[in-house]
2 protein chains.
Amino acid sequence: MKVLNKETDYAVRALISLGMKADGWVSAKAISEEQAIPYQFLRRILQELIRNGLVESKEGAGGGVRLGKIPAEIGVAEVIEIFQGKVQLSECMFRKQLCSNRANCVLRHEIMRIEKMVNNEFSQITIGKLIDDLKAVEAMKG
Amino acid sequence: MKVLNKETDYAVRALISLGMKADGWVSAKAISEEQAIPYQFLRRILQELIRNGLVESKEGAGGGVRLGKIPAEIGVAEVIEIFQGKVQLSECMFRKQLCSNRANCVLRHEIMRIEKMVNNEFSQITIGKLIDDLKAVEAMKG
DNA sequence: ATTACTGATACCAATTTAGTATCAGTTCAT
DNA sequence: ATGAACTGATACTAAATTGGTATCAGTAAT
Ligand code: FES
Ligand code: FES
């Protein structure tokens, strides 16, 4: 059961990469090479991030992309939602069958409780946090 | 982002259905009709559950299936693992790139922490619990 | 024997995933 | 003003996965 697909994975890595760099525009090519992400695939992913405001871009020579928000305000949940849609465990399990009163089905509540918990957990992990972690790792390596 | 696929979904529903019935063998056909699950698909799913000990079977006329464990001891996590494999967020995000010391990468720890949390949450939801919930729902309908 | 079951396994169409390719437009440097 | 270095938009593709179907063989109750 793979939770994150390649798009989300690459997107997070690209965002971290951008966040770790000093200001200025970074080209898709540069990120692609640094992170070993297929160029065209990454371009499509970046465009999607741009459309959603997580990244800003500048066209033309010397252009490129940069974060559109501060790293601490980009949660992985947001990235997941862009590429994989809202976290959803399953449709309701017993539909018409057993629960005619969908509105207050306990089972449904249970499922939604977990959905929220997962979502919340993914929101807590921000790009900023991941960057801090990585920097800690690097510091240890010295 | 759909977390549970149809196999897991149907499997859980079949298990609940079995758990709510008094003892005795129940045919795949009966479950298929009761839960509106495609017969052949359900059969394959049941066979897999049997191989994994969650369900027992008896061949021949008058045969069928029944739970192989008590409902309270079947966690949804177990079912997920059978049909979708262990919960895994993503491969490690920065592989050779940034974290040469995989062993104690903080990022990796973070990811594994969430994996465990999700897994734990799914373990807490047992078939027994779901059945109790459903019974509560039915009682309310009275 | 016949009927009602499971065991095992092969097959299939539709969708999703991961990746590629192309062309048009923008900006910078010379 | 031209070429190189970029992004924007979008179409295309191969491979894997998903959800579902079909078949044949074997077992047990009547
Ligand atoms: S499981 Fe869907 S309403 Fe109860
Ligand atoms: S992200 Fe994989 S070792 Fe750090």
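Chain A is the first sequence line, chain B the second, and so forth, proteins listed ahead of strands; every chain is numbered from 1.
A side-chain donor-acceptor contact under 3.5 Å links S123(B) to the backbone of N119(B). With Q84(B) contributing its side chain and T8(B) its backbone, the two residues share no donor-acceptor pair below 3.5 Å. Put simply, the side chain of N52(A) never gets that close to the backbone of L54(A): no donor and acceptor are under 3.5 Å apart. Between the side chain of E115(A) and the backbone N or O of Q88(A) there is no donor-acceptor pair closer than 3.5 Å. Between the S32(B) side chain and the I37(B) main chain, a donor and an acceptor come within less than 3.5 Å of each other.
Remark: the R44(B) side chain and the dT21(D) base include a donor-acceptor N/O pair separated by less than 3.5 Å.
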Point to revise | Protein proximity profile, nucleotides 25-30 of chain D - base contact B, sugar-phosphate-only contact S, no contact -, cut-off 4.0 Å on heavy atoms | key: -BBBS-
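Counting 5' to 3', DNA chain C first comes under 4.0 angstrom of a heavy atom of chain A and last does so at the ends given by dA18(C) to dC28(C).
Taking the nucleotide of DNA chain C with the nearest heavy atom to each of N5(A) and Q40(A), the more 5' of the two is matched to N5(A). When the nearest nucleotides of DNA chain C are assigned to I50(B) and G63(A) by heavy-atom distance, the more 5′-ward of the two goes with I50(B).
Atom CZ in F83(B) sits about 14 Å away from atom C1' in dG20(D), given to the nearest Å. Rounded to whole angstrom, the span from the CD atom of E33(A) across to the P atom of dA5(D) amounts to 12 Å. For the pair R13(B) CZ and dG19(D) C1', the computed distance is 14 Å after rounding to whole Å. Look at CZ on R66(A): it is 15 Å from C1' on dC6(D), rounded to the nearest Å. K6(A) has its NZ atom 15 Å from the C1' atom of dA15(D), to the nearest Å.
With salt bridges taken as basic N to acidic carboxylate O contacts below 4.0 Å, none links K116(B) and E121(B). Ion pair R43(A)/E48(A) not flagged as a salt bridge, since none of the NZ, NE, NH1 or NH2 atoms sits closer than 4.0 Å to an Asp/Glu carboxylate oxygen. With salt bridges taken as basic N to acidic carboxylate O contacts below 4.0 Å, one links K29(A) and E33(A). Look at E34(A) and K21(A) and you find a salt bridge, because one of the NZ, NE, NH1 or NH2 atoms lies within 4.0 Å of a carboxylate O, short of that distance.
Summary of helix geometry: the two end axes of the helix from dA1(C)-dT30(D) to dT30(C)-dA1(D), each defined by five base pairs via their C1' atoms, are inclined to each other by 10° (rounded to 10°).
Note on Y39(B): every side-chain N or O is 4.0 Å or more away from OP1 and OP2 of dA22(D). The side chain of K29(A) places no N or O atom within less than 4.0 Å of a non-bridging phosphate oxygen (OP1 or OP2) of dA4(D).
If you check every strand for non-hydrogen atoms under 4.0 Å, L46(B) touches nothing.
Put simply, the side chain of T126(A) does not reach to within 4.5 Å of the side chain of I74(A), judged on heavy atoms. Two residues are said to be in side-chain contact when any heavy atoms from C-beta on lie closer than 4.5 Å; I45(A) and F83(A) meet this criterion.
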